[in-house]
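Reading through the structure tokens given below for one structure.
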Amino acid sequence: MIEKRDNTIMIHTARSTYQMMVGRYGHLLHLYYGPRREDLAPLPELADRGFSGNPYEAENDRTYSLDALPQEFPTLGTGDFRSPLLILRDAEGVLGCDLRFVSAEIRPGKYGLPGFPAVYDDAGETLEVTLQSTKPSLTVRLYYGVLGELDVITRAAMVCAGEDLIIEKAQTACLDFTFGEYERMIFWGRHTMERVPDRGPVNHGNFSMESRRGMSSHHYNPFMILMDPDATEDSGRCWSMQFVYSGGFKAEIEKDSYGQTRMQMGLFQDQLAYPLKAGEELVLPEVIMSFSDCGLGRLSRNHHDVIRRHLCRGPWRDAVRPVLLNSWEACYFDFDGDKILSMARSAADLGVEMIVMDDGWFGERTDDIRGLGDLWYNEARMGCTLSELVDGVHDLGLKFGIWMEPEAISENSDLYREHPDWALAVPGRSPVRSRYQLLLDFSRDDVVDEMYRRICAVLDSGADYLKWDLNRSIADVYSSGDAVPGQVLYDYVKNLYRLLEQILERYPDLLIEGCAGGGGRFDAGMLYYCPQIWCSDNTDAVDRLTIQYGTSFGYPPCTMGAHVSVVPNHQTGRVTPFATRGAVAMAGTFGYELDPRKLSSEEKAAVREQIKCFHEDAPLVMDGEYYRLSDPLADPYSAWVFVARDGSRAKVTAVRTGGADDVRAADIAVKVRGLDVDAQYVIDETGAMLAGRTLMDSGLPLPPATEEYQCYVWHLKKAR
Ligand code: GLA
């Protein structure tokens with residue numbers, strides 16, 4: 001609910017309140033974001049603070065300074081010397097602007113953003129605040145979206161130039177806290193080890209976390225949390241920001257000299273210099289914010305719900321995804337149509353529902369040095385037409401999926417030989433290669449249009465699923481088209497979204513799985529187009545425990561692509577039990593990444609059993625509430641539970657990770673969360689009946705292990 005009273009605006013969600021006010025000289029000040037309250041939070045005490053300037057209108061009042069007042073959209077050049085959200089340059093090179101309040105409008109329904117992914121909710125509300133600067137001439141529209149039940153407030157903005165301007169920093173959202181000690185949590189990583197949580201104090205100075213890679217990246221995820229130092233999974237206040245954007249980003253937390261803390265998130269700054277002509281507009285992509293006063297668990301579940309109900313779209317949003325078998329780790333580049341069909345036959349016999357033909361089916365792509373860009377199906381090498389292959393797979397009762405990397409180009413490709421200027425490269429400078437390849441200049445419409453044509457020519461064969469990959473970061477920021485360097489990265493992402501949207505319009509039933517060398521573009525922007533994203537190229541079940549745990553802070557498990565692969569694992573060499581690999585992959589979109597023909601008869605029986613179990617439990621993963629039950633970075637086990645929304649059942653999974661020495665020794669009891677304390681639960685696996693309170697306070701003791709990395713699964717049913 002949004003209320004406007006005199007010079008204040010109050011936003012209420014079920015359990016939080018957000019307040020802002022128009023200051024006495026027209027600046028939009030932030031008052032409060034925290035537990036729900038009806039009364040207005042006070043401004044910080046005004047005081048004369050040396051070297052903090054005052055708006056001119058304050059005359060000789062030295063106590064009113066933007067440097068010490070919390071703000072909604074601070075800009076460079078106003079006497080607020082903290083890190084600003086907006087930096088722009090006018091035609092004379094003058095930096096900064098001074099935005100003042102013009103109007104505020106409340107509308108039913110959550111706003112959308114032209115050309116950009118955004119949370120949707122017809123039952124939500126929108127607050128649009130207009131700010132204006134006269135020198136330079138500029139209007140900024142701030143959008144706040146409210147999803148009350150989920151305790152979610154989104155922010156986005158539109159910068160509208162009244163004269164020629166260059167935008168040099170453009171952050172969407174800011175939260176100012178006037179006092180208090182906080183900790184922050186960010187998610188760092190690398191290829192094959194994505195989204196490792198890192199929690200630490202907020203110290204003086206400006207902490208920034210950025211992706212300068214043109215993609216959201218494996219290295220830092222565009223999601224961060226600020227919290228009380230003693231916040232836990234189920235207690236303490238925490239605030240989050242999550243960027244609904246797939247390109248480079250910058251997130252900052254600054255603790256200033258007065259002990260105030262500013263948290264902000266937006267576009268990557270270093271290579272941004274976006275020119276706007278008078279009358280042109282720039283969308284500042286959306287940031288999802290949430291607040292929980294009962295710890296990180298609730299905060300995560302708020303993000304899970306907003307993503308899976310109000311960001312993911314299309315017929316696959318709520319549907320249980322097909323159990324797939326992907327050819328990558330089974331064959332790498334060594335396959336033809338017969339091999340795919342033969343694997344499909346064997347997979348069908350096991351209950352698998354879709355076969356995905358990964359990299360290696362097009363052009364001269366027989367290894368990763370060549371062929372990207374030549375997105376035509378190579379009949380000669382595959383030994384059949386694509387339609388024959390798709391029909392053959394469909395005849396087995398399976399769906400057919402296909403891999404593409406539409407943004408990439410190999411120098412050894414016909415596309416590159418025909419259009420060398422279509423690759424991102426700085427004239428006169430050799431481009432940076434990564435995985436032997438370059439990237440297409442997606443800031444150019446003609447390049448994107450041609451890729452659309454090529455993608456459609458393949459998808460017209462009847463494919464049901466597309467794995468959309470990207471296997472390198474952007475290093476060479478220069479376009480041979482119309483875009484100036486300072487707009488290339490932004491236009492690239494905008495055009496990527498346009499292309500994905502066009503594809504979904506043409507193939508509304510297509511299931512797209514996002515991927516970027518595993519989870520290098522696992523972000524809320526991509527989830528608008530792809531309801532699932534390959535979580536990591538690391539399929540080792542034990543490493544996956546950490547990767548999926550870290551990912552779960554901001555993203556629902558039902559969006560995490562997770563597969564069972566062979567042992568020794570191809571990335572780590574680790575050997576884990578088949579059951580453990582199954583249990584870990586079942587906490588995501590389930591599938592296999594192996595050659596089904598090579599499985600032993602015991603393994604085949606296990607696959608059949610796993611698929612049955614996946615289907616029984618899939619509604620819990622799709623719709624249930626997820627609780628983390630351990631910290632795999634600190635504990636010798638990893639555990640989680642999915643609880644049905646109506647509380648009728650729950651599935652607890654635990655894996656011992658203490659290592660060989662610890663296998664039998666460690667006494668571990670998994671304390672369950674999210675149950676009804678007063679109810680009795682029957683445990684399917686043992687027949688025992690236990691009170692919710694007991695399961696939560698004393699926990700489920702892990703029976704001694706008989707092998708390393710043993711997993712334990714308990715299905716709980718509420719008895720009364
Ligand atoms: C990336 C993906 C893998 C696979 C390969 C193919 O690394 O993450 O799953 O598709 O590319 O080249």
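Because the structure is predicted, anything quoted here is derived from the model rather than measured. Just so you know, ligand 1 is whichever comes first in the structure, and atom 1 is the first atom listed for that ligand. Any value given below was found using the heavy atoms of this structure, including those in side chains, with hydrogens, waters and symmetry copies removed.
Taking the six-membered ring where tryptophan is involved, the planes of F187 and F553 are tilted, since the angle between them lies from 30° to 60°.
Residues passing the side-chain contact (heavy atoms from CB on, under 4.5 Å) test with C384, sequence neighbours excluded: Y377, E388, L389. For S300, the side-chain hydrogen bond (donor to acceptor under 3.5 Å, both in side chains) criterion is met by R628, not counting sequence neighbours.
The ring pair (Phe, Tyr, Trp, His ring centres under 6.0 Å) contacts involving residues 429-459 comprise F442-Y492, where partners must be two or more places apart or lie in separate chains.
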Just the distances, no angles: every ligand 1 N or O to protein N or O pair closer than 3.5 Å, one line each.
unit_1, atom_1, unit_2, atom_2, d
ligand 1, 7 (O), N471, OD1, 3.3
ligand 1, 7 (O), D537, OD2, 2.7
ligand 1, 8 (O), G518, N, 2.8
ligand 1, 8 (O), D537, OD1, 2.4
ligand 1, 8 (O), D537, OD2, 3.1
ligand 1, 9 (O), K467, NZ, 2.7
ligand 1, 9 (O), W534, NE1, 3.4
ligand 1, 9 (O), D537, OD1, 3.3
ligand 1, 10 (O), D358, OD1, 2.6
ligand 1, 10 (O), D358, OD2, 3.2
ligand 1, 10 (O), W403, NE1, 3.0
ligand 1, 10 (O), K467, NZ, 3.0
ligand 1, 10 (O), D469, OD2, 3.4
ligand 1, 11 (O), D469, OD2, 2.9
ligand 1, 11 (O), N471, ND2, 3.2
ligand 1, 12 (O), D359, OD2, 2.6
ligand 1, 12 (O), R435, NH1, 2.9
ligand 1, 12 (O), R435, NH2, 2.9

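The distance between the ring centers of Y592 and F590 falls below 6.0 angstrom.
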- Which is it for W328 and F333 under the ring pair (Phe, Tyr, Trp, His ring centres under 6.0 Å) test, yes or no, and what are the steps along the way? CA-CA 8 Å; W328 182 240; F333 290 100; 5.3 Å; yes
